[in-house]
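Indexing begins at 1, ligand by ligand and atom by atom, following the structure's order. Owing to the predicted nature of the structure, the values given are computational and were not obtained by experimental measurement.
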Amino acid sequence: MYPLRRNRRLRANESIRHLVRETILTPSDFLVPLFVVEGKGVREEITSMPDYYRLSLDHLEKEVKELWGMGLCAVLLFVKVPDPLKDNKGTEALNPDGLMQRAIKAVKNACPDMLVMTDVALDPYSSFGHDGIVKDGQIVNDDTVDVLAEMSVSHAAAGANFVAPSDMMDGRILSIREALEDEGHVNTGIMSYSAKYASAFYGPFRDALDSAPAAIKDVPKDKKTYQMDSANRFEAISETQQDIDEGADIVMIKPGLAYLDIVREIRNEVDVPIAVYQVSGEYAMLKAAAEKGWLDHDAVMMEQLISIKRAGANFIASYFAKDAVKLMG
Ligand code: PBG
């Protein structure tokens with residue numbers, strides 16, 4: 001008798017497909033990245049990220065209330081720093097009354113239970129657009145780590161639940177953990193960007209924050225001396241393991257779609273929660289194709305997000321979070 005098994009029985013209608021579906025997205029699968037700017041009443045669309053906005057603090061408060069109402073319970077904050085405040089050492093990052101510190105308080109004020117994660121890296125504060133201090137044409141590691149540790153303490157003091165170092169300097173997780181403990185912030189967690197690749201998919205994000213590496217003599221033009229080579233796989237596992245050994249509570253793989261093999265490998269290797277960042281370029285590609293009528297926006301969006309979760313993500317940092325939750329109904 002043939003065929004013994006008819007696989008199509010389990011695909012015959014939406015009810016059976018629903019019953020046997022292995023991966024389901026819920027609002028708690030998302031971390032919402034938010035871009036914050038100075039000013040009042042500012043809600044400006046980012047050119048290369050249609051339908052995504054830079055928000056001043058008053059709009060930020062409105063936004064987080066709306067997110068909370070939709071069941072979205074975690075945000076990841078980034079700030080756009082005015083040019084005059086930028087320098088090589090990212091001095092402004094340590095200002096207790098800086099934009100990030102005020103943004104953390106604004107979110108907590110609007111929505112006390114919203115989980116606040118903060119980006120820890122120098123690039124938005126750096127006059128050179130680098131995640132570290134530039135000296136003699138190099139990005140110096142250890143001096144940068146000292147600033148990152150201080151920055152993390154400052155975010156914790158302002159009320160951040162988790163700091164999220166996205167810089168890829170060596171040894172920063174341990175230094176940050178020690179600094180947080182020394183200052184009594186024992187409950188502030190660390191979500192480490194552990195396997196962060198030197199990716200061209202970050203272009204629109206750098207537009208959003210005006211943070212692209214500068215084209216200046218003696219300054220490296222890309223981030224390849226600290227972010228990972230996209231060709232490498234074993235390195236991703238050891239980077240991640242090292243961050244866990246240094247005290248990371250959550251590890252992250254970034255970008256998403258082009259690196260799902262890495263997500264699965266790391267999922268199989270480690271037992272801490274895994275975040276995946278579906279980055280700005282992934283968002284922009286779909287928006288552009290949908291605008292042209294070449295792809296079905298909602299269907300492709302959900303397919304991408306499900307793929308990331310199926311690969312092993314516990315949650316996804318995504319600019320599509322709101323759109324996806326709306327579709328869930
Ligand atoms: C900076 C940072 C970047 C992103 C998150 N944190 C850009 C970079 O490393 O140049 C990219 C996020 C995105 O593209 O959506 N430390």
Side-chain angles (χ1 to χ4, degrees), residues 30-36 46-54 75-81 86 90 92-93 100 117-134 139 141 144-145 147-148 151-152 155 162-169 172-173 176 190-215 219-230 239 243 250-259 275-288 304-305 308 313 316-321:
F30 294 101
L31 169 63
V32 186
L34 294 173
F35 299 115
V36 187
I46 299 155
T47 315
S48 50
M49 299 180 70
D51 299 329
Y52 223 80
Y53 299 85
R54 299 184 195 93
V75 295
L76 177 60
L77 300 180
F78 295 94
V79 291
K80 183 171 187 289
V81 179
K86 296 185 183 184
E92 174 62 15
M100 177 61 92
M117 301 199 181
T118 58
D119 187 61
V120 171
L122 294 194
D123 54 328
Y125 301 93
S126 160
S127 34
F128 299 130
H130 272 292
D131 295 45
I133 299 168
V134 182
I139 312 299
N141 196 87
T144 300
V145 167
V147 181
L148 297 172
M151 192 174 169
S152 301
H155 292 184
F162 280 76
V163 292
S166 65
D167 55 286
M168 290 299 279
M169 296 300 119
R172 89 276 208 219
I173 301 304
I176 290 172
I190 303 177
M191 178 176 75
S192 172
Y193 288 62
S194 299
K196 175 171 176 177
Y197 286 89
S199 169
F201 283 100
Y202 307 151
F205 173 96
R206 293 175 188 170
D207 294 340
L209 295 189
D210 186 23
S211 62
V219 177
K221 282 172 197 48
D222 59 44
K223 299 189 173 184
K224 291 184 179 169
T225 70
Y226 44 104
Q227 298 178 350
M228 287 179 45
D229 188 329
S230 61
E239 274 276 2
D243 284 357
I250 300 171
V251 293
M252 183 194 273
I253 294 121
K254 176 185 172 191
L257 217 52
Y259 296 84
V276 171
Y277 202 141
Q278 183 190 43
V279 301
S280 58
E282 301 177 65
Y283 177 84
M285 282 197 304
L286 175 51
K287 288 287 171 187
Q304 289 183 332
L305 292 167
I308 293 171
I316 308 168
S318 173
Y319 305 102
F320 288 119

Those atoms of ligand 1 less than 4.0 Å from some heavy atom in [X]:
| X | value |
| --- | --- |
| Ala121 | 16 (N) |
| Ser166 | 1 (C), 2 (C), 6 (N), 16 (N) |
| Tyr277 | 12 (C), 15 (O) |
| Asp131 | 1 (C), 16 (N) |
| Arg206 | 8 (C), 10 (O) |

Aromatic plane relationship, Phe35 with Tyr319 - under 30° parallel, 30 to 60° tilted, over 60° perpendicular: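 Parallel.
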
How far is [atom] from the closest protein heavy atom, and which atom is that?
| atom | result |
| --- | --- |
| atom 15 (O) of ligand 1 | Tyr319 OH, 2.6 Å |
| atom 8 (C) of ligand 1 | Lys223 NZ, 3.3 Å |
| atom 9 (O) of ligand 1 | Lys196 NZ, 2.7 Å |

In a check of salt bridge (Lys or Arg N to Asp or Glu O under 4.0 Å) between Asp123 and each of Arg206, Lys80, Lys223, which one passes?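 That would be Lys223; it is the only one of Arg206, Lys80, Lys223 passing the salt bridge (Lys or Arg N to Asp or Glu O under 4.0 Å) with Asp123.
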
Is [X] in contact with ligand 1, taking contact as a heavy-atom separation below 4.0 Å?
| X | result |
| --- | --- |
| Met168 | no |
| Phe78 | yes |
| Lys254 | yes |
| Glu282 | no |

[X] side-chain N/O to [Y] backbone N/O, donor-acceptor pair under 3.5 Å:
| X | Y | value |
| --- | --- | --- |
| Arg54 | Ala208 | yes |
| Tyr226 | Ile139 | no |
| Glu92 | Val81 | no |

Side-chain contact test, heavy atoms from C-beta onward, threshold under 4.5 Å: evaluate it for Ile46 versus Pro204 and give yes or no.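 When only atoms from C-beta onward are counted, Pro204 and Ile46 do not touch, as no gap falls below 4.5 Å.
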
Student check: side-chain heavy atoms of Ser230 and Tyr259 closer than 4.5 Å: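 Yes, their side chains come closer than 4.5 Å.
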
Looking at every heavy atom in both Tyr277 and Pro33, which two are closest together, and how far apart are they?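 Nearest heavy atoms, Tyr277 then Pro33: OH-CB, 3.7 Å.
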
Distance check, rounded to the nearest 0.5 Å: Ser192 atom OG versus Arg172 atom CZ?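 Going from OG on Ser192 over to CZ on Arg172, the span is 4.0 Å.
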
To the closest 0.5 Å, what do you measure between CE (Met168) and OG1 (Thr225)?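 Interatomic distance, Met168 CE to Thr225 OG1, rounded to 0.5 Å: 11.0 Å.
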
How does [X] reach ligand 1, by side chain, by backbone, by both or by neither, if only non-hydrogen atoms under 4.0 Å count?
| X | value |
| --- | --- |
| Asp123 | side chain |
| Ser280 | both |
| Asp119 | side chain |

Tell me, with the steps shown, if Met151 and Thr118 meet side chain to side chain contact (heavy atoms under 4.5 Å, CB included). CA-CA 10 Å; Met151 192 174 169; Thr118 58; over 6 Å; no

Identity of the nearest option to atom 13 (C) of ligand 1, non-hydrogen atoms only, from Tyr52, Phe201, Phe205: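 Nearest heavy atom to atom 13 (C) of ligand 1 lies in Phe205.
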
N or O pair under 3.5 Å between Asp167 and ligand 1: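 No, no N or O pair falls under 3.5 Å.
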
